Structures are given as C-alpha cells and as structure tokens.
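None of the values given here were measured: they were computed from a predicted structure. Residue numbers start from 1 in every chain, and the chains themselves are labelled A, B, ... in the order their sequence lines are given, proteins ahead of strands.
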There are 2 protein chains.
Amino acid sequence: MSEDPRNSPPSRQDRRRFLTGGIAAAGGLAATALGARTASATGPDPLITEIQEWNQVLGAGVDETPYGVPSEYESDVVRRTVSWLTADPVSSINFTPLHELDGIITPNGLCFERHHGGTAQIDPADHRLMIHGMVETPLVFTMADLMRFPRESRVYFLECAANSGMEWRGAQLNGCQFTHGMIHNVMYTGIPLKLLLQEAGLRDGAAWLLGEGADASGMTRSIPLDKALDDCLVAFKMNGEALRPEQGYPLRLVVPGWEGNMWIKWLRRIEVGDQPWHHREETSKYTDLLTNGKARRFTWDMDVKSVITNPSPQAPLVHGRGQTVITGLAWSGLGTIRRVDVSLDGGRNWQTARIDGPSLPKSVHRFYYDFDWDGSELMLQSRAMDEFGHVQPTKNALRAVRGENSIYHNNGIQTWLVRANGETENVEIS
Amino acid sequence: MSEDPRNSPPSRQDRRRFLTGGIAAAGGLAATALGARTASATGPDPLITEIQEWNQVLGAGVDETPYGVPSEYESDVVRRTVSWLTADPVSSINFTPLHELDGIITPNGLCFERHHGGTAQIDPADHRLMIHGMVETPLVFTMADLMRFPRESRVYFLECAANSGMEWRGAQLNGCQFTHGMIHNVMYTGIPLKLLLQEAGLRDGAAWLLGEGADASGMTRSIPLDKALDDCLVAFKMNGEALRPEQGYPLRLVVPGWEGNMWIKWLRRIEVGDQPWHHREETSKYTDLLTNGKARRFTWDMDVKSVITNPSPQAPLVHGRGQTVITGLAWSGLGTIRRVDVSLDGGRNWQTARIDGPSLPKSVHRFYYDFDWDGSELMLQSRAMDEFGHVQPTKNALRAVRGENSIYHNNGIQTWLVRANGETENVEIS
C-alpha cells in the first residue's frame with residue numbers, strides 16, 4: 001500500500017492559492033465576490049454589501065413550530081424509493097439520503113424503512129411484551145412496567161442485510177442513497193435484554209430466543225442466547241425521543257452489529273428455547289444462496305464496510321477543480337473502525353483518510369479526505385479496516401467466494417467515476 | 001458525603017419481589033397481566049393473548065412519509081412557551097421537553113429556541129459570510145465555497161445563559177422543561193473557525209472577533225480570538241442534516257461550553273479587531289448585575305450543572321412504590337462530567353449515580369439512579385462534578401455571592417418534592 005503525499009491536508013499556502021483563484025477576495029468592505037462556481041469577477045456582492053429582506057423583517061415566532069421541521073430549502077433531503085424494487089400495494093423499502101448528511105447521527109426523519117407488513121400504528125397503552133418458553137416465570141410487561149428497569153443509551157448502526165444487494169450483479173443504482181442507504185445510525189435508549197431475561201429466569205438448556213413483532217407480518221427471528229445476554233437492548237427511544245412508528249414504536253429489539261431484519265420492530269414476544277425456529281425469514285429469506293446450491297444461514301454479523309457519500313452520483317463535484325472534501329461512512333458489526341483508505345485511481349494507490357468524531361463500537365464512523373483536485377477524472381473508492389484487522393474486500397473477491405445468487409451481505413468496495421465536469425457515476429472496476 | 005447502600009442497582013431478588021408484586025406473572029401462555037399501575041389481578045390480558053387489529057391490518061407504506069414524523073401518541077412531546085415570559089408580537093423563547101427525552105442527543109425538532117428578531121428565512125444560495133477587519137485579505141464566502149474546507153463533527157450542548165434564570169428568586173416554574181429546558185445537545189458538523197481565519201490571515205494585534213447574524217436583530221457578540229482559534233466551528237449541520245431555520249440555517253457559530261447567545265445564528269459576518277465591541281448584548285444584556293451595583297461581564301463559561309428530568313413536575317412518579325428509575329442530565333462548559341450524586345432527602349445524604357453513554361467534553365451526560373422506592377416523600381436533588389473538580393453549588397451559595405439581580409448563570413442545585421402519591425413539585429430548601 002503506497003502513501004500519497006496528497007493525503008496530508010492542503011497547506012495554508014495551497015488553500016490560499018485556491019482561494020484567491022476561486023473564492024472571494026473582498027477589497028476591504030467593498031467586497032468582491034468571486035463565487036467558486038462562476039469564478040468570474042463581478043464587483044461587490046450585493047448579498048453581503050446591501051441590506052437584505054431577512055435582515056429587516058421580524059421572522060417567525062416560536063409558537064409556530066412546537067415540533068420543528070427542516071427548512072423549505074431542504075425539501076430534497078428525503079427518503080426515496082426505487083419503484084421496481086418492491087411490490088404493490090405499498091412500497092416497503094426506502095433509503096436514507098446519505099449524500100445529504102454529515103457527522104455520524106442520522107436524524108430520525110431520515111432513517112430508512114423496510115417493512116414486511118407496513119407500519120403498525122400502536123397505542124403504547126395497549127402494547128405488551130411477553131417473555132415465555134424456557135423460563136421460570138413467564139412475564140407480560142406493559143410499557144409502564146418497563147420504565148422501571150435500568151436503562152442504557154448507545155449509538156449503533158442498523159444496516160439491512162440487503163444493503164448494496166443490487167450491486168452483486170454489477171453497478172445498477174446511481175446514487176449512494178440507493179446503493180448504501182439502507183443504514184442509519186442512532187442513539188438508542190433501552191433496557192438490556194439480559195435484565196428482562198433474568199427477571200423471567202432462564203431454565204436449564206435455554207440457548208435461543210425468538211423475537212416476534214406486533215405488525216401484520218408478525219416478523220420472527222431466532223437469536224442465540226449469548227447475543228441476547230451480551231449487548232441486545234429492548235429500546236423505546238431513538239436520538240432522545242420515542243421510537244418513530246416506522247422504527248417499531250413503541251418497542252424494538254436492538255441487536256448491535258447484526259443484520260437489521262433481526263432488530264424486531266413493534267416487539268411483542270420473546271420466546272426462549274433450546275434451538276432455532278427456522279422460520280421463513282431465516283430460511284427462504286435472509287440466507288445467502290451460493291453457487292453450489294447450498295446456502296449460508298445465520299449470517300448475522302454485518303461485515304466491515306464503507307462508502308464515499310460525497311461526491312457520489314446524486315452529489316456531483318460541481319464546484320470544479322481546487323480544494324475538495326471527499327467524505328463518507330465506515331462501519332463494522334464487530335466493533336470500531338481503525339482506518340479508512342481512499343483511492344482516487346480505482347484502487348491502485350491508497351491514502352489514509354481522517355476519521356473524525358466519536359469512534360464508538362458498532363456505530364458508523366465519519367471519514368474525510370481533503371485534497372486539491374486538478375480536474376482530471378477520478379475513480380473513487382474507500383476501504384475500511386476494523387479494530388480486529390478485517391479489511392473490506394473488493395466486489396470481485398466477494399463474488400469469487402459467494403457467487404451472485406444472493407442479495408445479502410455485500411460489503412464490497414464501491415467505485416464512483418468522477419468525470420472532469422464533476423458528474424459522478426456508479427461504475428465497476430473489472 | 002455518605003454513601004447509601006441503595007446506590008447499587010437492585011439485586012435480581014429485589015427486582016423479582018417487585019415484579020411478582022406489581023407486574024405480570026403470566027401462567028404459561030395464559031398470561032396473567034398485573035399492570036404495575038393497577039396492581040390488580042385481572043386474569044389473562046387480551047392485549048397479549050388475543051390478536052389485535054394492528055396484528056392483522058397492512059400498515060402504512062414508506063411512500064407516505066419521505067421525511068418522517070413522530071407518532072400521533074407523542075403529540076405532547078413538544079417545545080412549550082411560557083406566556084408571561086416574552087413580549088408580543090411573537091414569542092421569542094420556547095423550551096425543550098427534557099422530561100420526555102432520554103440519552104444525550106436532542107432531536108432537532110425539540111431543540112429550544114431563543115430569538116431576538118424571529119426566525120430568519122434564508123435561501124442558502126443567497127447567504128454570504130464575510131471575514132474582515134484586522135485581516136490580511138478580507139474574504140466573502142458562499143455556502144459552496146465553505147463546503148471545500150475541512151470539517152469536524154462534535155457533540156456539544158448549547159445552554160442559554162438565562163436557563164434557570166427565573167429560579168434565582170425562588171422556585172417559580174413547575175417543570176424541568178421550564179426551569180432547565182433552554183439547553184439542547186446536538187452533533188454539529190462545521191469548519192473549524194481557525195481555518196477560515198487563517199485563510200484571511202490575521203494581522204498583528206488581532207485579539208477579538210465580532211460575530212454578526214443576518215436576522216432582523218443583527219445579533220452581535222464579541223469573542224476573544226483565543227477561543228475562536230481553540231474549538232469554535234462555523235457549523236452547517238446538526239445531527240447529520242442541515243441546521244434547522246430556528247437554529248441559524250444555513251450557518252451558525254458554535255462556541256463550545258459558552259453561553260448560547262454567543263453562538264451567532266444566521267452567521268453573516270466576522271470582524272477581527274483588537275478589543276471587544278461592547279455592544280448591547282454584552283453590556284445591558286448578558287451581564288450579571290451584583291448586589292453592589294456592579295455587573296459581571298463576559299461571563300462566557302456555562303458552569304457545571306445538572307438536573308433530574310424524571311421524576312419532575314411534568315413527569316410525576318405515578319407508578320407507585322417499588323423499583324424506580326431516577327434520571328437526569330449533567331454538563332459542564334469546561335469539559336466532561338466526572339461524577340453526579342443524587343439525594344433523596346434534600347441534600348443530607350448523597351449517592352453516586354451511574355453516568356451512562358458517551359462522555360464527551362462540553363456535552364451533556366446522562367445519569368441514572370435506580371432504587372426501590374418505599375412510597376415515602378422524597379426531596380430529590382442532583383449535584384454534578386466536572387473533570388476539573390468544580391462542584392455544582394446550592395442556590396443559596398450562589399445567591400450569597402451573586403445576589404438576585406441577574407437572570408443569568410444560575411447553575412444551582414434544583415430540588416423536586418415527590419409526594420407519596422407521586423405528584424412532584426418545584427420547591428426550595430431554605
């Protein structure tokens with residue numbers, strides 16, 4: 001792996017050169033605005049030298065928005081669907097606009113959705129959680145009961161096993177929102193599942209759980225007891241407030257680092273047993289069919305992965321050459337990210353990116369690579385490594401082992417082609 | 001300071017005793033639901049033993065909410081105003097419902113607001129930031145220009161200097177939303193202000209900045225250069241997405257640990273000078289009048305502070321005796337919180353609470369104290385200590401030094417009286 005001198009942030013002198021060429025050098029208070037996009041001298045910029053309407057008019061008061069909403073200028077920052085991806089009568093998948101976000105927290109309104117029976121609308125006063133099966137005392141909890149138990153708050157990513165699934169057979173979806181947008185990263189507050197199981201008392205031989213949702217699909221998944229006793233939460237809040245309806249309000253299972261389908265929403269029942277249940281969503285679905293006709297099953301961990309979110313097809317490099325921020329996300333279902341490399345030339349040379357902000361286990365990490373773009377075509381890639389030394393593979397390395405029959409667990413390296421005009425496409429390196 | 005054995009979480013045996021007395025012991029699948037609130041045996045709970053409407057009906061699809069909203073059952077979780085607190089024509093302060101939240105992240109829709117000219121509505125394409133004064137090259141930046149600079153993402157609390165201000169003269173507002181709800185805690189993404197100042201080039205003798213907002217109030221504050229070069233950000237995102245309009249969209253100054261009034265919203269201008277400007281909001285306002293007629297000025301740091309958010313007057317202890325979660329927030333404008341103590345008896349005895357989740361400098365910390373409530377009256381207090389050993393004072397200790405002329409910088413210990421029926425009031429210990 002070769003290090004590129006461009007890895008280090010541009011020096012002040014480099015940035016100055018860029019700025020005097022591209023941005024605004026204001027001659028004293030008589031500002032000269034050279035927008036980086038237009039790069040044409042136009043004299044003083046009235047937007048800074050003259051009084052604007054919003055400098056004079058009393059703005060909206062606080063009574064108008066008891067619960068606040070984004071600016072009208074951000075109306076494009078929404079979850080989006082892909083029309084051919086899911087069946088009627090209602091779409092069941094949408095995608096987080098990763099290219100519009102920064103930092104590591106996904107705001108609740110933009111957390112992607114994947115439903116198997118639509119969003120259940122449940123009055124928390126009517127919600128119950130039952131724990132039964134191989135326990136000493138079967139228990140039924142109201143939401144009020146649960147509020148008496150000790151709580152934890154942890155930031156975790158939730159990634160659908162099918163995230164990037166369409167890319168197994170080549171570059172198909174033109175935007176990281178669609179190729180990688182089935183992930184969100186949220187601070188959950190909940191009760192360690194261990195405490196609730198201890199309350200019921202585990203019987204000898206207990207080794208597995210079945211979690212069941214209260215929605216119309218009655219989603220069920222088998223979960224090994226070891227995981228439940230390790231770090232699973234029965235969560236009721238996300239990013240401080242109550243779970244959103246589409247995220248399982250009023251109660252969801254949090255299964256850190258494991259595929260999103262196991263994070264049972266609208267959690268109503270936990271059965272304890274001595275073996276897995278082999279239900280639909282862990283046999284015909286959420287298993288990975290190999291080329292030899294056999295299938296991997298119980299592929300729970302979400303492996304080390306990353307994606308460049310900017311630039312990307314929905315967020316082209318329109319500003320032209322000069323100082324440029326490349327940024328993206330990296331994550332591992334096993335723990336923290338230790339390092340992210342970025343390539344500008346399709347994987348021939350790699351530079352280490354700057355990981356920024358809190359480094360929390362089983363949470364996304366934000367990375368940046370700041371460089372001076374000369375305007376030539378780029379083949380952008382990112383490659384993550386986790387604390388245990390796992391390295392994100394190329395798509396071809398994955399295909400050599402797994403074939404192309406499955407849509408799940410594609411953690412291959414993504415490539416964006418950035419053209420000289422800044423337009424960006426999803427491509428594959430053969 | 002004496003330690004109370006109740007500090008340690010209740011043992012499994014203790015919790016079991018509580019649960020068999022209060023919650024549900026389900027006889028196998030024929031569940032017996034003993035709601036903790038009713039504590040009356042009513043036989044199998046149809047809400048878990050029978051199929052409910054939401055178990056059968058296809059729920060809403062993902063197309064309906066491109067930008068998601070909270071459940072209809074959470075309609076009480078809103079920012080609230082106090083009618084007598086601000087003048088017509090529009091209210092200029094609302095408060096975060098701290099008693100409805102958990103963890104450390106405040107969702108953007110619930111971040112309190114304080115405006116001096118209402119919320120400016122600004123098209124980011126028309127927004128400019130000018131840096132001028134004692135610089136080598138005055139500069140004007142568009143938003144697109146700024147997107148070229150290296151970024152950071154950090155979680156910081158923002159507290160209004162007047163938070164708890166009404167409490168200087170005794171317990172007045174019945175709810176932690178109103179006594180302490182002028183604080184929020186968010187992950188900001190922005191450009192280190194240092195980089196923008198370096199871009200302009202500081203002239204010899206530069207020692208202060210003036211930040212100015214683009215709203216109708218033209219808010220200005222003087223900020224020492226040392227702080228600007230330390231950890232200030234010019235932020236454009238909060239919790240991943242664009243700043244909300246009421247939080248300064250598209251650009252705000254982040255001044256970590258310092259009073260919120262300095263975090264200039266709708267940031268349009270930074271002037272560099274050699275001394276402070278002594279403008280309105282740092283002379284007649286945001287200074288602390290003492291009993292001798294003199295005023296403290298430039299009281300920037302938000303001192304170590306905490307509050308119990310649950311129970312509190314808006315969130316009484318309705319569930320009755322037994323296992324109980326006390327929780328709250330602690331913060332220090334200087335760094336991290338090292339310890340929080342909780343008292344059940346008005347400050348005579350103290351127990352150390354459990355600090356949970358990420359401990360980040362100049363961010364709120366979440367604390368919990370789990371105990372078995374015997375149903376007797378409680379006088380709840382919390383007391384925070386930061387990493388530098390600063391200890392949150394009593395209100396009376398503060399008054400002895402500062403008098404009662406100011407509404408600013410009240411970080412005194414808050415007391416909630418919890419009656420035997422669970423009702424909770426804001427009281428003072430004389």
Next item on the list: Mark yes or no for whether B:R366, through its side chain, and A:S153, through its backbone, hold a donor-acceptor pair below 3.5 Å.
Entry: no

Note to self: Checking side-chain contact (heavy atoms from CB on, under 4.5 Å) between A:Y73 and each of B:I122, B:D126, B:D123, which is the one that passes?
What the structure shows: B:D123

Margin query: Can you tell me how far apart CD1 (A:I105) and NZ (B:K237) are? Round to the nearest 0.5 Å.
Written below: 14.5 Å

Checklist line | Heavy-atom pair with the smallest gap, counting every atom of A:A216 and B:V57 | finding: CB-O, 3.3 Å

Next item on the list: For A:D63 and B:T81, run side-chain contact (heavy atoms from CB on, under 4.5 Å): C-alpha distance rounded to whole Å, both residues' side-chain angles, the deciding distance at 0.1 Å, then the answer.
Entry: CA-CA 7 Å; A:D63 298 325; B:T81 57; 3.1 Å; yes

Checklist line | Residue selection (most heavy-atom pairs with chain B, distance under 4.5 Å) from A:T327, A:I104, A:T324, A:V186 | finding: A:I104

Notebook entry, point to check: Side chain, backbone, both or neither: which part of A:M147 has a non-hydrogen atom closer than 4.5 Å to chain B?
Noted result: backbone

Item checked: Short N-O contact, A:D370 and B:R148, less than 4.0 angstrom -> no

Checklist line | Side chain, backbone, both or neither of B:Y368 within contact of chain A (heavy atoms, under 4.5 Å) | finding: side chain

Check: By a 4.5 Å heavy-atom criterion (distance strictly below it), what part of A:T189 contacts chain B: side chain, backbone, both, or neither?
Finding: side chain

Margin query: Report which part of A:Q247 has an atom under 4.5 Å of a heavy atom belonging to chain B: side chain, backbone, both, or neither.
Written below: neither

Item checked: Under 4.5 Å from a heavy atom of chain B, the part of A:I93 involved -> backbone

Item checked: Min side-chain heavy-atom separation A:R354-B:P150 under 4.5 Å -> yes

Margin query: Does any backbone or side-chain atom of A:Q56 lie under 4.5 Å from a heavy atom of chain B? Answer side chain, backbone, both or neither.
Written below: backbone

Margin query: Just verifying a value: how many Å separate A:Q52 CD and B:D215 CG, rounded to the nearest 0.5 Å?
Written below: 13.5 Å

Next item on the list: Can you measure from NE2 (A:H132) to CD1 (B:I48) and round to the nearest 0.5 angstrom?
Entry: 8.0 Å

Next item on the list: To the nearest 0.5 angstrom, please state how far the CG atom of B:D102 sits from the CD atom of A:E152.
Entry: 11.5 Å

Notebook entry, point to check: Which heavy atom of B:V69 sits nearest a heavy atom of A:E246, and at what distance?
Noted result: O-OE1, 4.5 Å

Next item on the list: To the nearest 0.5 Å, tell me how far A:E64 CD sits from B:N94 CG.
Entry: 11.5 Å

Check: Between B:N310, B:L101, B:L360, which shows the greatest number of heavy-atom pairs under 4.5 Å with chain A?
Finding: B:L101

Notebook entry, point to check: Ion pair present between B:R151 and A:D356, side-chain N to carboxylate O less than 4.0 angstrom?
Noted result: no

Notebook entry, point to check: Do A:R244 and B:P70 come close enough that some side-chain heavy atom pair is under 4.5 Å?
Noted result: yes

Margin query: Test side-chain contact (heavy atoms from CB on, under 4.5 Å) on A:L110 and B:Y67; report intermediate values, then the result.
Written below: CA-CA 6 Å; A:L110 295 174; B:Y67 192 96; 3.5 Å; yes

Checklist line | Side chain B:N55, main chain A:A214, donor-acceptor under 3.5 Å | finding: yes

Check: Just checking, is any N or O donor in the side chain of A:T65 or B:R79 under 3.5 Å from an acceptor N or O on the other one?
Finding: yes

Next item on the list: Provide the closest heavy-atom pair for B:Q323 versus A:F149 in the form atom of the first, atom of the second, distance.
Entry: NE2-CA, 3.8 Å

Check: Nearest heavy-atom pair of A:G240 and B:P107: which atoms, and what distance?
Finding: CA-CD, 4.5 Å

Item checked: Atom of A:H115, atom of B:A60 and distance for their closest heavy-atom approach -> CD2-O, 4.2 Å

Next item on the list: Calculate, to the nearest 0.5 Å, the distance between atoms CG and NE2 belonging to A:L58 and B:H116 respectively.
Entry: 12.5 Å

Note to self: Regarding A:E74 and B:Y249, do their side chains bring together a donor and an acceptor under 3.5 Å, going by distance alone?
What the structure shows: yes

Checklist line | Closest non-hydrogen atom pair between B:M187 and A:G103, with its separation | finding: SD-CA, 4.0 Å

Notebook entry, point to check: Side-chain contact, heavy-atom cut-off 4.5 Å: B:S71 with A:P245?
Noted result: yes

Item checked: Segment of A:R154 engaging chain B (4.5 angstrom heavy-atom cut-off) -> side chain

